[in-house]
K.L.:
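I'd like to ask you about the structure that follows.
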There are 2 protein chains.
Amino acid sequence: MKIERSPVSILENPSLNAALTSIQTALSEHKTLILVANCAVEYKGRANSKLEPGERILIIKEDGSVLVHRPTDYSPVNWQPPGCLFQTGISEGKLRIRAVRKKVRESITIIFGKIYLLAVLSLVDKGAFSLYASEEDMEKAIVAEPSLIESGFQVIAFEKPIEPGFVDIYGIDEKGHLVVIEIKRGTAGKTAILQLEKYLEAIRKVAKREIRGILVAPNIAKGVHPLLTSLKIEYKPLSPQECYNILQKQQILRQKGLEGFF
Amino acid sequence: MKIERSPVSILENPSLNAALTSIQTALSEHKTLILVANCAVEYKGRANSKLEPGERILIIKEDGSVLVHRPTDYSPVNWQPPGCLFQTGISEGKLRIRAVRKKVRESITIIFGKIYLLAVLSLVDKGAFSLYASEEDMEKAIVAEPSLIESGFQVIAFEKPIEPGFVDIYGIDEKGHLVVIEIKRGTAGKTAILQLEKYLEAIRKVAKREIRGILVAPNIAKGVHPLLTSLKIEYKPLSPQECYNILQKQQILRQKGLEGFF
DNA sequence: GAGTGGATTTCGCAT
DNA sequence: ATGCGAAGTCCACTC
């Protein structure tokens with residue numbers, strides 16, 4: 001018989017001492033904790049806050065972050081970012097957890113009444129998270145809103161076939177100079193710069209006037225700045241998210257109804 | 001024997017169908033749900049995102065908000081603000097929950113693998129939450145940083161005893177005019193304005209020069225603007241939080257170590 | 001360490 | 001609904 005790994009260990013309505021022991025062990029082993037309990041919370045730090053007793057969900061994560069959630073609202077009523085140090089104990093017959101942050105000198109103290117559920121978790125989560133606004137989306141956004149590049153910029157063409165391939169965006173600046181834009185969705189490296197340079201050289205052979213090359217990306221790799229300057233290529237930071245927002249504003253991405261779920 | 005209310009109903013390692021039934025009931029009754037499960041998440045809306053399978057904590061609240069938390073980080077990896085409509089079902093042998101928001105047309109879909117824990121909660125939380133930087137703190141902040149009121153403002157005295165009571169702050173502006181400041185921590189109403197007016201009248205009787213009255217508060221009540229203008233009292237918005245930040249910067253509120261917990 | 005800018009920011013309040 | 005500003009914003013990055 002195969003024994004399945006159980007990442008969840010549950011205590012229902014634990015006694016004060018059982019809860020304390022379980023919490024202390026979990027904290028020392030950097031496990032994730034979920035508590036459903038009646039509790040009061042105090043925060044002292046950048047501001048002060050006090051939360052009177054009530055039934056809430058409390059999460060303490062492996063990295064030392066803390067969340068106190070009421071039964072409504074997206075955002076936690078009290079919280080602590082990662083990196084907390086914890087103090088636990090029983091005083092005046094009540095279980096207390098204090099989470100202290102050092103760098104911003106602030107703390108929350110949770111004073112527990114009845115604990116309904118205490119779950120100790122050993123979660124394994126290696127799943128990649130990707131947020132995507134495609135390079136194509138970024139291109140659309142610039143076409144729709146050329147001032148994203150700079151004031152006075154105008155798009156002449158996009159996905160324009162040039163000798164080595166396709167130029168992302170081809171335009172003209174305020175002073176009438178030609179502009180060639182290369183877009184990267186993620187960190188732009190040496191490859192992206194050299195690709196843009198190839199287009200620039202190809203166009204320079206044909207049109208003998210001044211051409212500017214602009215690399216558009218959310219960020220650029222370390223150490224490629226010298227290459228940029230030596231090739232006189234400019235860098236314009238632009239995030240996929242910002243592009244998405246613009247597209248939505250311009251209603252270019254039309255979201256349809258609830259199609260395609262089941 | 002007294003039967004205690006149990007706001008928590010727990011299923012450990014539920015079957016697909018048991019979980020579906022439980023979730024559907026909970027959603028229709030607007031109860032709060034906690035799930036610990038292996039799941040994948042897709043988001044479509046303001047941006048698109050995809051989260052590959054992994055073990056996470058999922059919270060669906062009474063108000064239709066959704067949180068997907070990984071075992072690290074303060075912020076949820078995926079979420080949905082309150083007011084979602086839910087679709088649930090089993091397709092391709094997997095339990096799915098889809099949360100759709102109407103006004104911002106966005107949705108997240110959670111595709112479940114193994115569910116380790118399903119807790120249905122009926123939380124009662126009436127506890128008041130208060131975030132406080134006291135009126136005294138605001139006063140301290142203005143004394144420490146008079147430019148909060150306006151450039152060139154100087155404090156002459158605070159908590160100064162005047163005929164009807166104590167003036168919060170008494171000062172002089174850039175042009176040498178007297179200034180009387182009334183501070184309110186919360187919304188300033190008619191009472192606050194009339195109180196300030198009383199001080200102003202009392203001082204006008206003594207000093208026969210021009211006096212400005214400034215009401216300092218994070219906001220003012222509806223419909224009192226006419227009263228302000230008719231009494232020629234000025235209004236300076238200032239939040240307790242901002243005051244707190246200034247006090248901390250000026251190190252007037254000195255946070256000490258970990259004293260006084262146990 | 002402080003300062004800057006983005007975020008599926010969220011959350012108010014005013015228009 | 002839209003727009004503007006604050007937030008215990010958080011977070012990543014630069015200086």
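A note on names: the letters A, B, ... follow the listed sequences, proteins ahead of strands, and every chain is numbered from 1. All heavy atoms count here, side chains included; hydrogens, waters and symmetry mates do not.
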K.L.:
Provide, to the nearest angstrom, the distance between the CE atom belonging to M138(B) and the C1' atom belonging to dA6(D).
P.N.:
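It works out to 14 Å between those atoms.
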
K.L.:
In whole angstrom, give the distance that lies between atom CZ of R101(A) and atom P of dC10(D).
P.N.:
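Answer to the nearest Å: 6 Å.
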
K.L.:
Taking 4.0 Å as the cut-off, does a side-chain nitrogen or oxygen of R46(A) come that near to OP1 or OP2 on dA7(D)?
P.N.:
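Indeed not, no polar side-chain atom of R46(A) lies that close.
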
K.L.:
Expressed as a whole number of angstroms, how long is the span from L131(B):CG to dA6(D):P?
P.N.:
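So the CG-P distance, L131(B) to dA6(D), works out to 16 Å.
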
K.L.:
Where does the angle between the aromatic ring planes of Y74(B) and W79(A) fall among parallel (under 30°), tilted (30 to 60°) and perpendicular (over 60°)?
P.N.:
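Geometry flag for W79(A) against Y74(B): tilted rings.
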
K.L.:
Strictly distance-based, threshold 3.5 Å: is any side-chain N or O of K61(A) a donor or acceptor partner for the main-chain N or O of P82(A)?
P.N.:
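No, the answer is negative, given that no donor and acceptor are paired below the 3.5 Å cut-off.
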
K.L.:
Quick one: which of dT8(C), dC11(C), dC11(D) gets closest to the side chain of S75(A)?
P.N.:
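So the side chain of S75(A) is nearest to dC11(C).
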
K.L.:
Give the nucleotide from the list dC11(C), dC10(D), dT9(C) with an atom nearest to the side chain of Y74(A).
P.N.:
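Closest of the options to the side chain of Y74(A): dC11(C).
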
K.L.:
In this structure, how many angstroms lie between the P atom of dT10(C) and the NZ atom of K61(B), rounded?
P.N.:
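Distance, rounded to whole Å: 14 Å.
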
K.L.:
Looking at E62(A) and K31(A), does any basic side-chain N land under 4.0 Å from a carboxylate oxygen?
P.N.:
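Judged by the 4.0 Å cut-off on N to carboxylate O distance, E62(A) and K31(A) do not form a salt bridge.
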
K.L.:
Could you tell me the separation between the CZ atom of R70(B) and the C1' atom of dC10(D), rounded to a whole number of Å?
P.N.:
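After rounding, the gap between these two atoms is 17 Å.
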
K.L.:
S239(B) side chain N/O closer than 4.0 Å to the phosphate oxygens (OP1, OP2) of dA7(D)?
P.N.:
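For dA7(D), OP1/OP2 do have a side-chain N/O of S239(B) under 4.0 Å.
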
K.L.:
Counting heavy atoms from C-beta on, name the nucleotide in dG8(D), dT10(C), dA6(D) closest to the side chain of W79(A).
P.N.:
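Of all the options, the side chain of W79(A) is nearest to dG8(D).
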
K.L.:
How many whole angstroms separate atom CG of D73(A) from atom P of dT9(D)?
P.N.:
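That distance rounds to 19 Å.
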
K.L.:
So, under a plain 3.5 Å distance rule, would you say the side chain of N78(A) forms a donor-acceptor pair with the base of dG8(D)?
P.N.:
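Result: at least one qualifying N/O pair found.
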
K.L.:
Quick one, V41(B) and T109(B) - any side-chain contact, counting heavy atoms below 4.5 Å?
P.N.:
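Of all side-chain heavy-atom pairs linking T109(B) with V41(B), none is under 4.5 Å.
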
K.L.:
Select from P240(B) and K103(B) the residue whose nearest nucleotide in DNA chain D is closer to the 5' end of that strand.
P.N.:
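By nearest-heavy-atom nucleotide position, the 5'-most residue is K103(B).
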
K.L.:
Please answer whether dT8(C) and Y43(B) are stacked, defined here as ring centres separated by less than 5.5 Å and planes angled under 30°.
P.N.:
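It does: the ring sits over the base of dT8(C).
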
K.L.:
Which whole number of Å gives the distance between the C1' atom of dA6(D) and that of dC10(D)?
P.N.:
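After rounding to an integer number of Å, I get 14 Å for this pair.
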
K.L.:
What is the distance, rounded to the nearest whole Å, between atom OH of Y235(B) and atom P of dA14(C)?
P.N.:
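Distance, rounded to whole Å: 9 Å.
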
K.L.:
Between the base of dG5(D) and the side chain of E242(B), is there any donor-acceptor pair under 3.5 Å?
P.N.:
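Per atom types, no contact qualifies.
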
K.L.:
Decide yes or no for N48(A) and K50(A): does some side-chain heavy atom of the first lie under 4.5 Å from some side-chain heavy atom of the second?
P.N.:
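No; the side chains remain at least 4.5 Å from each other.
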
K.L.:
Sticking with atom P, work out how far dT8(C) lies from dT4(C), rounded to a whole angstrom.
P.N.:
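Pairwise P distance, dT8(C) against dT4(C), rounds to 22 Å.
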
K.L.:
Write down the distance between CG (L148(B)) and C1' (dA6(D)), rounded to a whole number of angstrom.
P.N.:
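Atom CG in L148(B) sits about 15 Å away from atom C1' in dA6(D).
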
K.L.:
From dG8(D), dC11(C), dC11(D), pick the nucleotide closest to the side chain of I108(A)?
P.N.:
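Comparing dG8(D), dC11(C), dC11(D) against the side chain of I108(A), the answer is dG8(D).
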
K.L.:
May I ask you to decide whether E234(B) forms a salt bridge with K236(B), counting only side-chain N to carboxylate O separations under 4.0 Å?
P.N.:
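Judged by the 4.0 Å cut-off on N to carboxylate O distance, E234(B) and K236(B) do not form a salt bridge.
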
K.L.:
Would you kindly compare P82(B) and I220(B) by the position of their nearest DNA chain C nucleotide and give the one closer to the 5′ end?
P.N.:
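Its nearest nucleotide lies further toward 5', so the answer is P82(B).
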
